[in-house]
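The structure under discussion appears below in the form of C-alpha coordinates.
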Protein chains: 2
Amino acid sequence: MISNKAKYAFRALLAIAAEPEGSALTSAEIARRHAIPHKFLEQILLDLKKAGVLDSRRGKTGGYVMLRPADTVSFGEILRLFEGPLAPLPCLSRNAYRRCEDCESEANCEIRREFARAYDASRLVLDTRTLGDALANNPYGGDMGHEVRKAG
Amino acid sequence: MISNKAKYAFRALLAIAAEPEGSALTSAEIARRHAIPHKFLEQILLDLKKAGVLDSRRGKTGGYVMLRPADTVSFGEILRLFEGPLAPLPCLSRNAYRRCEDCESEANCEIRREFARAYDASRLVLDTRTLGDALANNPYGGDMGHEVRKAG
DNA sequence: GCCAATCCCCACTAAATAGATAGAGATTAT
DNA sequence: ATAATCTCTATCTATTTAGTGGGGATTGGC
(Lines give C-alpha, C1' and ligand atoms only; values in the text may rest on other atoms or scores of the structure.)
Protein backbone atom coordinates (compact mmCIF):
# COMPACT_ATOMS: atom_id res chain seq x y z
CA MET A 1 0.00 0.00 0.00
CA ILE A 2 1.23 3.47 -0.78
CA SER A 3 1.26 6.08 1.98
CA ASN A 4 -1.39 8.76 2.43
CA LYS A 5 1.33 11.27 1.74
CA ALA A 6 1.97 9.87 -1.72
CA LYS A 7 -1.72 9.58 -2.49
CA TYR A 8 -2.26 13.20 -1.44
CA ALA A 9 0.62 14.20 -3.67
CA PHE A 10 -0.99 12.53 -6.68
CA ARG A 11 -4.37 14.08 -5.95
CA ALA A 12 -2.79 17.51 -5.69
CA LEU A 13 -0.65 17.12 -8.80
CA LEU A 14 -3.56 15.94 -10.91
CA ALA A 15 -5.64 18.89 -9.72
CA ILE A 16 -2.86 21.37 -10.48
CA ALA A 17 -2.09 19.81 -13.85
CA ALA A 18 -5.76 19.89 -14.83
CA GLU A 19 -5.87 23.63 -14.22
CA PRO A 20 -5.70 25.90 -17.31
CA GLU A 21 -2.13 26.93 -18.15
CA GLY A 22 -0.89 29.85 -16.06
CA SER A 23 -3.66 29.66 -13.49
CA ALA A 24 -2.50 28.77 -9.97
CA LEU A 25 -4.25 26.61 -7.43
CA THR A 26 -3.91 27.30 -3.71
CA SER A 27 -3.08 24.68 -1.15
CA ALA A 28 -6.26 25.60 0.74
CA GLU A 29 -8.42 24.95 -2.29
CA ILE A 30 -6.80 21.59 -2.99
CA ALA A 31 -7.11 20.61 0.65
CA ARG A 32 -10.78 21.55 0.67
CA ARG A 33 -11.62 19.72 -2.56
CA HIS A 34 -9.96 16.48 -1.59
CA ALA A 35 -10.39 16.55 2.19
CA ILE A 36 -6.64 16.61 2.81
CA PRO A 37 -5.34 18.11 6.10
CA HIS A 38 -4.17 21.55 5.02
CA LYS A 39 -0.89 21.84 6.87
CA PHE A 40 0.08 18.32 5.87
CA LEU A 41 -0.61 19.15 2.25
CA GLU A 42 1.53 22.27 2.49
CA GLN A 43 4.53 20.12 3.37
CA ILE A 44 3.83 17.84 0.45
CA LEU A 45 3.54 20.69 -2.04
CA LEU A 46 6.74 22.16 -0.69
CA ASP A 47 8.50 18.84 -1.31
CA LEU A 48 7.19 18.84 -4.86
CA LYS A 49 8.48 22.35 -5.35
CA LYS A 50 11.92 21.46 -3.98
CA ALA A 51 11.96 18.50 -6.35
CA GLY A 52 11.40 20.84 -9.30
CA VAL A 53 7.97 19.50 -10.19
CA LEU A 54 5.89 22.47 -9.05
CA ASP A 55 6.40 26.21 -8.96
CA SER A 56 4.67 28.57 -6.54
CA ARG A 57 3.63 32.19 -6.13
CA ARG A 58 3.18 33.75 -2.71
CA GLY A 59 0.77 36.43 -1.54
CA LYS A 60 -2.79 37.27 -2.31
CA THR A 61 -3.02 35.69 -5.77
CA GLY A 62 -0.59 32.92 -4.90
CA GLY A 63 -0.80 29.21 -5.43
CA TYR A 64 0.93 26.35 -7.20
CA VAL A 65 1.47 25.63 -10.88
CA MET A 66 3.29 22.87 -12.76
CA LEU A 67 6.92 23.69 -13.39
CA ARG A 68 7.32 20.84 -15.88
CA PRO A 69 4.66 19.65 -18.33
CA ALA A 70 2.37 16.97 -16.91
CA ASP A 71 3.42 14.45 -19.54
CA THR A 72 7.05 14.60 -18.39
CA VAL A 73 6.18 13.66 -14.80
CA SER A 74 5.91 9.90 -14.31
CA PHE A 75 4.09 8.12 -11.53
CA GLY A 76 7.31 6.38 -10.61
CA GLU A 77 9.14 9.66 -10.13
CA ILE A 78 6.55 10.96 -7.67
CA LEU A 79 6.29 7.68 -5.85
CA ARG A 80 10.07 7.55 -5.37
CA LEU A 81 9.97 11.07 -4.00
CA PHE A 82 7.60 10.14 -1.18
CA GLU A 83 8.18 6.44 -0.66
CA GLY A 84 11.84 6.02 -1.39
CA PRO A 85 13.08 3.31 -3.75
CA LEU A 86 10.39 1.29 -5.51
CA ALA A 87 12.52 -1.85 -5.63
CA PRO A 88 11.32 -4.68 -3.40
CA LEU A 89 14.90 -5.48 -2.38
CA PRO A 90 17.78 -3.06 -1.87
CA CYS A 91 19.93 -5.16 -4.21
CA LEU A 92 17.45 -4.50 -7.05
CA SER A 93 17.41 -0.70 -6.85
CA ARG A 94 19.37 1.03 -9.57
CA ASN A 95 19.06 4.40 -7.90
CA ALA A 96 19.68 3.32 -4.31
CA TYR A 97 21.54 0.04 -4.60
CA ARG A 98 22.55 -1.69 -1.38
CA ARG A 99 23.78 -5.20 -1.02
CA CYS A 100 21.70 -7.54 1.18
CA GLU A 101 23.99 -8.13 4.16
CA ASP A 102 23.09 -11.79 4.41
CA CYS A 103 23.37 -12.54 0.71
CA GLU A 104 26.13 -14.87 -0.43
CA SER A 105 25.72 -14.46 -4.16
CA GLU A 106 23.38 -12.07 -5.92
CA ALA A 107 23.64 -14.02 -9.12
CA ASN A 108 22.42 -17.19 -7.41
CA CYS A 109 19.83 -15.61 -5.10
CA GLU A 110 16.43 -17.10 -5.95
CA ILE A 111 14.60 -14.39 -4.04
CA ARG A 112 16.37 -11.68 -5.98
CA ARG A 113 15.71 -13.41 -9.28
CA GLU A 114 11.97 -13.78 -8.73
CA PHE A 115 11.45 -10.31 -7.32
CA ALA A 116 13.39 -8.83 -10.20
CA ARG A 117 10.71 -10.17 -12.54
CA ALA A 118 7.89 -8.60 -10.54
CA TYR A 119 9.77 -5.35 -10.13
CA ASP A 120 10.59 -5.07 -13.82
CA ALA A 121 6.93 -5.51 -14.68
CA SER A 122 5.65 -2.83 -12.35
CA ARG A 123 8.52 -0.43 -13.00
CA LEU A 124 7.79 -0.55 -16.70
CA VAL A 125 4.33 0.81 -15.99
CA LEU A 126 5.20 3.30 -13.26
CA ASP A 127 8.11 4.88 -15.08
CA THR A 128 6.25 5.06 -18.37
CA ARG A 129 2.85 6.42 -17.40
CA THR A 130 2.69 10.14 -16.66
CA LEU A 131 0.32 12.59 -15.03
CA GLY A 132 -0.50 13.70 -18.55
CA ASP A 133 -1.50 10.18 -19.59
CA ALA A 134 -3.67 9.84 -16.52
CA LEU A 135 -5.49 13.11 -17.20
CA ALA A 136 -5.95 12.24 -20.85
CA ASN A 137 -8.00 9.26 -19.68
CA ASN A 138 -6.11 7.21 -22.19
CA PRO A 139 -5.96 3.55 -21.22
CA TYR A 140 -3.30 2.56 -23.73
CA GLY A 141 -1.00 5.52 -23.38
CA GLY A 142 -0.69 6.48 -27.03
CA ASP A 143 0.46 9.92 -28.16
CA MET A 144 -2.31 12.44 -27.54
CA GLY A 145 -0.55 15.39 -29.14
CA HIS A 146 -1.54 18.67 -27.47
CA GLU A 147 -4.86 17.40 -26.17
CA VAL A 148 -5.28 17.23 -22.45
CA ARG A 149 -8.73 15.82 -21.94
CA LYS A 150 -10.69 13.52 -24.16
CA ALA A 151 -14.44 13.70 -23.69
CA GLY A 152 -16.09 10.52 -22.45
CA MET B 1 10.91 -2.73 0.02
CA ILE B 2 9.76 -5.97 1.56
CA SER B 3 10.26 -6.49 5.31
CA ASN B 4 13.05 -8.55 6.84
CA LYS B 5 10.38 -10.86 8.13
CA ALA B 6 9.16 -11.68 4.64
CA LYS B 7 12.69 -12.08 3.35
CA TYR B 8 13.53 -14.46 6.20
CA ALA B 9 10.38 -16.41 5.41
CA PHE B 10 11.48 -16.88 1.80
CA ARG B 11 14.98 -17.91 2.80
CA ALA B 12 13.58 -20.45 5.24
CA LEU B 13 11.02 -21.82 2.81
CA LEU B 14 13.55 -22.23 0.04
CA ALA B 15 15.87 -24.06 2.43
CA ILE B 16 13.11 -26.38 3.64
CA ALA B 17 11.80 -27.03 0.14
CA ALA B 18 15.30 -27.85 -1.10
CA GLU B 19 15.64 -30.57 1.54
CA PRO B 20 15.12 -34.20 0.43
CA GLU B 21 11.52 -35.33 0.85
CA GLY B 22 10.67 -36.43 4.41
CA SER B 23 13.78 -34.93 5.98
CA ALA B 24 13.09 -32.11 8.41
CA LEU B 25 15.11 -28.95 8.93
CA THR B 26 15.36 -27.36 12.37
CA SER B 27 14.81 -23.68 13.01
CA ALA B 28 18.25 -23.52 14.62
CA GLU B 29 19.91 -24.88 11.49
CA ILE B 30 18.09 -22.46 9.20
CA ALA B 31 18.91 -19.55 11.50
CA ARG B 32 22.57 -20.52 11.54
CA ARG B 33 22.84 -20.96 7.78
CA HIS B 34 21.24 -17.67 6.91
CA ALA B 35 22.20 -15.55 9.92
CA ILE B 36 18.61 -15.02 10.98
CA PRO B 37 17.85 -14.28 14.68
CA HIS B 38 16.68 -17.62 15.97
CA LYS B 39 13.70 -16.60 18.08
CA PHE B 40 12.47 -14.29 15.39
CA LEU B 41 12.66 -17.08 12.85
CA GLU B 42 10.68 -19.37 15.16
CA GLN B 43 7.76 -16.95 15.03
CA ILE B 44 7.95 -16.83 11.28
CA LEU B 45 8.01 -20.60 10.89
CA LEU B 46 5.08 -20.84 13.26
CA ASP B 47 3.12 -18.40 11.10
CA LEU B 48 3.90 -20.53 8.07
CA LYS B 49 2.69 -23.59 9.89
CA LYS B 50 -0.54 -21.89 10.95
CA ALA B 51 -1.04 -20.85 7.35
CA GLY B 52 -0.82 -24.49 6.27
CA VAL B 53 2.40 -24.10 4.31
CA LEU B 54 4.72 -25.96 6.65
CA ASP B 55 4.34 -28.91 8.97
CA SER B 56 6.50 -29.52 12.02
CA ARG B 57 7.69 -32.29 14.30
CA ARG B 58 8.66 -31.65 17.88
CA GLY B 59 11.26 -33.27 20.07
CA LYS B 60 14.70 -34.61 19.45
CA THR B 61 14.40 -35.33 15.75
CA GLY B 62 12.05 -32.42 15.14
CA GLY B 63 12.08 -29.72 12.53
CA TYR B 64 10.03 -28.34 9.69
CA VAL B 65 8.93 -29.84 6.38
CA MET B 66 6.77 -28.59 3.54
CA LEU B 67 3.11 -29.44 4.02
CA ARG B 68 2.26 -28.52 0.43
CA PRO B 69 4.49 -29.14 -2.59
CA ALA B 70 6.83 -26.25 -3.34
CA ASP B 71 5.34 -25.70 -6.76
CA THR B 72 1.93 -24.92 -5.25
CA VAL B 73 3.25 -22.12 -3.03
CA SER B 74 3.45 -18.81 -4.87
CA PHE B 75 5.58 -15.83 -3.91
CA GLY B 76 2.43 -13.72 -3.74
CA GLU B 77 0.84 -16.00 -1.18
CA ILE B 78 3.81 -15.80 1.17
CA LEU B 79 4.19 -12.08 0.67
CA ARG B 80 0.52 -11.49 1.53
CA LEU B 81 0.97 -13.57 4.65
CA PHE B 82 3.68 -11.30 6.03
CA GLU B 83 3.04 -7.96 4.36
CA GLY B 84 -0.71 -7.86 4.08
CA PRO B 85 -2.41 -6.97 0.79
CA LEU B 86 -0.09 -6.49 -2.18
CA ALA B 87 -2.35 -3.92 -3.79
CA PRO B 88 -0.96 -0.38 -3.82
CA LEU B 89 -4.41 1.01 -2.95
CA PRO B 90 -7.09 -0.54 -0.71
CA CYS B 91 -9.63 -0.11 -3.51
CA LEU B 92 -7.54 -2.38 -5.74
CA SER B 93 -7.30 -5.34 -3.40
CA ARG B 94 -9.57 -8.24 -4.27
CA ASN B 95 -8.85 -10.03 -1.05
CA ALA B 96 -9.00 -7.05 1.31
CA TYR B 97 -11.01 -4.46 -0.56
CA ARG B 98 -11.63 -1.15 1.18
CA ARG B 99 -12.98 1.95 -0.42
CA CYS B 100 -10.70 5.03 -0.33
CA GLU B 101 -12.58 7.31 2.06
CA ASP B 102 -11.85 10.40 0.02
CA CYS B 103 -12.71 8.88 -3.35
CA GLU B 104 -15.71 10.24 -5.19
CA SER B 105 -15.79 7.73 -8.02
CA GLU B 106 -13.62 4.67 -8.37
CA ALA B 107 -14.42 4.39 -12.05
CA ASN B 108 -13.13 7.91 -12.69
CA CYS B 109 -10.17 7.84 -10.30
CA GLU B 110 -7.02 8.42 -12.32
CA ILE B 111 -4.81 7.24 -9.49
CA ARG B 112 -6.70 4.00 -9.19
CA ARG B 113 -6.59 3.45 -12.94
CA GLU B 114 -2.84 3.92 -13.24
CA PHE B 115 -1.95 1.91 -10.18
CA ALA B 116 -4.20 -0.88 -11.37
CA ARG B 117 -1.94 -1.25 -14.39
CA ALA B 118 1.19 -1.48 -12.29
CA TYR B 119 -0.45 -3.82 -9.81
CA ASP B 120 -1.76 -6.17 -12.50
CA ALA B 121 1.70 -6.45 -13.96
CA SER B 122 3.41 -7.34 -10.72
CA ARG B 123 0.61 -9.54 -9.43
CA LEU B 124 0.78 -11.62 -12.57
CA VAL B 125 4.36 -12.49 -11.71
CA LEU B 126 4.02 -12.89 -7.95
CA ASP B 127 0.94 -15.09 -8.08
CA THR B 128 2.31 -17.23 -10.89
CA ARG B 129 5.85 -17.94 -9.78
CA THR B 130 6.28 -20.54 -7.05
CA LEU B 131 8.96 -21.70 -4.66
CA GLY B 132 9.33 -24.68 -6.94
CA ASP B 133 10.00 -22.48 -9.97
CA ALA B 134 12.58 -20.53 -8.00
CA LEU B 135 14.42 -23.67 -6.89
CA ALA B 136 14.33 -25.14 -10.37
CA ASN B 137 16.41 -22.15 -11.42
CA ASN B 138 14.12 -21.90 -14.37
CA PRO B 139 13.92 -18.32 -15.68
CA TYR B 140 10.86 -18.84 -17.86
CA GLY B 141 8.78 -20.96 -15.53
CA GLY B 142 8.03 -23.84 -17.85
CA ASP B 143 6.88 -27.25 -16.63
CA MET B 144 9.75 -29.08 -15.01
CA GLY B 145 7.89 -32.31 -14.34
CA HIS B 146 9.23 -34.04 -11.24
CA GLU B 147 12.65 -32.44 -11.36
CA VAL B 148 13.58 -30.18 -8.51
CA ARG B 149 17.00 -28.91 -9.42
CA LYS B 150 18.47 -28.45 -12.84
CA ALA B 151 22.25 -28.59 -12.92
CA GLY B 152 23.98 -25.35 -14.03
C1' DG C 1 11.39 -42.50 33.97
C1' DC C 2 14.53 -38.90 32.84
C1' DC C 3 16.90 -35.71 29.99
C1' DA C 4 17.89 -32.92 26.28
C1' DA C 5 16.40 -31.09 22.06
C1' DT C 6 12.98 -29.27 19.71
C1' DC C 7 8.73 -26.75 18.64
C1' DC C 8 5.07 -23.59 20.74
C1' DC C 9 3.22 -19.54 22.93
C1' DC C 10 3.03 -15.07 25.00
C1' DA C 11 4.72 -10.78 26.71
C1' DC C 12 7.70 -7.08 26.24
C1' DT C 13 10.87 -3.41 24.26
C1' DA C 14 13.48 -0.11 21.25
C1' DA C 15 13.71 2.26 17.09
C1' DA C 16 11.75 3.89 12.98
C1' DT C 17 7.95 5.56 10.24
C1' DA C 18 3.38 7.57 9.27
C1' DG C 19 0.40 11.01 9.77
C1' DA C 20 -0.29 14.69 11.13
C1' DT C 21 -0.50 19.53 14.22
C1' DA C 22 1.31 24.02 15.57
C1' DG C 23 3.33 28.42 15.31
C1' DA C 24 5.70 31.90 13.38
C1' DG C 25 8.10 34.15 9.41
C1' DA C 26 8.37 35.84 4.39
C1' DT C 27 6.12 37.68 0.33
C1' DT C 28 2.73 39.94 -2.39
C1' DA C 29 -1.75 42.23 -4.29
C1' DT C 30 -4.77 45.46 -2.96
C1' DA D 1 -1.30 48.47 6.49
C1' DT D 2 -3.48 44.20 5.95
C1' DA D 3 -4.92 39.94 4.63
C1' DA D 4 -3.89 35.98 2.08
C1' DT D 5 -0.73 33.14 0.68
C1' DC D 6 3.54 30.22 0.71
C1' DT D 7 7.75 28.76 3.75
C1' DC D 8 10.14 26.76 7.45
C1' DT D 9 10.97 24.25 11.76
C1' DA D 10 9.62 21.82 15.64
C1' DT D 11 6.80 18.67 18.01
C1' DC D 12 3.47 14.98 18.93
C1' DT D 13 1.02 10.42 18.80
C1' DA D 14 0.04 5.89 17.05
C1' DT D 15 1.53 2.14 14.49
C1' DT D 16 4.76 -0.93 12.60
C1' DT D 17 9.15 -3.26 12.42
C1' DA D 18 12.47 -6.00 14.27
C1' DG D 19 13.59 -8.09 17.41
C1' DT D 20 14.44 -10.36 22.76
C1' DG D 21 13.20 -13.32 26.56
C1' DG D 22 11.08 -16.74 29.44
C1' DG D 23 8.97 -20.33 29.83
C1' DG D 24 5.74 -24.59 28.53
C1' DA D 25 4.65 -28.82 25.60
C1' DT D 26 6.23 -32.77 23.03
C1' DT D 27 9.29 -36.23 21.55
C1' DG D 28 13.35 -39.61 20.95
C1' DG D 29 17.02 -41.88 23.13
C1' DC D 30 19.05 -43.68 27.23
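Numbers restart at 1 for each chain; the letters A, B, ... are given by sequence-line order, proteins then strands.
Residue Ser56(B) places at least one side-chain N or O closer than 4.0 Å to OP1 or OP2 of dC8(C). The side chain of Thr26(B) places no N or O atom within less than 4.0 Å of a non-bridging phosphate oxygen (OP1 or OP2) of dA5(C). Under 4.0 angstrom from either OP1 or OP2 of dA20(C) there lies at least one side-chain N or O belonging to Tyr8(A). Under 4.0 angstrom from either OP1 or OP2 of dT17(D) there lies no side-chain N or O belonging to Asn4(B). Dashed line: the shortest gap from a side-chain N or O of Lys60(A) to OP1 or OP2 of dT27(C) is not under 4.0 Å.
Within the nucleic acid shown, Phe82(B) has no heavy atom closer than 4.0 Å to any nucleic acid atom. Lys50(B) comes within 4.0 angstrom of sugar-phosphate atoms only, judged by non-hydrogen atoms across all strands, and of no base.
Taking atom CD1 of Ile44(A) as the reference point, atom C1' of dA18(C) lies 11 Å away to the nearest angstrom. Here dG19(D) presents its C1' atom at 15 Å from NZ of Lys7(B), a figure rounded to the nearest Å. Nucleotide dA26(C) holds its C1' atom 17 Å from the CZ atom of Arg57(A), rounded to whole Å. What separates CZ of Arg58(A) from C1' of dA4(D) is a distance of 12 Å, to the nearest Å. When rounded to the nearest whole Å, the span between NZ of Lys5(A) and C1' of dT21(C) equals 13 Å. Atom CG in Asp55(B) sits about 14 Å away from atom C1' in dT26(D), given to the nearest Å. In this entry the distance linking CG of Leu46(B) with P of dT20(D) reads 18 Å, nearest Å. Atom pair Asp47(B):CG and dT17(D):P shows a separation of 13 Å (rounding to whole Å applied).
For the helix from dG1(C)-dC30(D) to dT30(C)-dA1(D), the rotation axes defined at the first and last 5 base pairs enclose an angle of 10°, given to the nearest 10°.
In terms of position along DNA chain C, the nucleotide closest to Ser3(A) lies nearer the 5' end than the nucleotide closest to the other residue of the pair Gly59(A) and Ser3(A).
Contact record, Ala17(A) with Leu135(A): CB-CD1, 3.6 Å, taken as the closest heavy-atom pair. Nearest heavy atom pair, residue Ile111(A) against residue Lys7(B), reads CD1-O, 4.0 Å. Across all non-hydrogen atoms, the minimal contact from Thr130(B) to Phe75(B) is O-CE1, 3.5 Å. Shown here for Ile44(B) and Tyr8(B), the closest heavy-atom pair between the two residues is CD1-CB, 3.7 Å.
Residues in residues 40-62 of chain B take part in these salt bridge (charged side-chain N to carboxylate O under 4.0 Å, His left out) pairs, two or more places apart or across chains: Lys39(B)-Glu42(B).
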Please tabulate, for side-chain N and O atoms in residues 77-91 of chain A, each donor-acceptor pair with protein atoms closer than 3.5 Å (sequence neighbours left out).
residue: Glu77(A); atom: OE1; partner: Arg68(A); partner atom: NH2; Å: 3.0
residue: Glu77(A); atom: OE2; partner: Arg68(A); partner atom: NH1; Å: 2.7
residue: Arg80(A); atom: NH1; partner: Asp127(A); partner atom: OD1; Å: 2.9
residue: Arg80(A); atom: NH2; partner: Asp127(A); partner atom: OD2; Å: 3.1
residue: Glu83(A); atom: OE1; partner: Ser3(A); partner atom: N; Å: 3.4
residue: Glu83(A); atom: OE2; partner: Ser3(A); partner atom: N; Å: 3.3
residue: Glu83(A); atom: OE2; partner: Ser3(A); partner atom: OG; Å: 2.4

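More than 12 heavy atoms of other residues, nucleotides or ligands shown are found within 6.0 angstrom of CZ on Arg33(B).
Gln43(B) pairs by the side-chain hydrogen bond (donor to acceptor under 3.5 Å, both in side chains) definition with nothing, not counting sequence neighbours. In this view, Thr128(A) satisfies the side-chain hydrogen bond (donor to acceptor under 3.5 Å, both in side chains) rule with no residue, not counting sequence neighbours.
Under a 4.0 Å N-O distance rule, the pair Arg117(A)/Asp120(A) does not qualify as a salt bridge.
Of all the residues in residues 36-43 of chain A, Lys39(A), Glu42(A), Gln43(A) reach under 4.0 Å from DNA chain D with at least one non-hydrogen atom.
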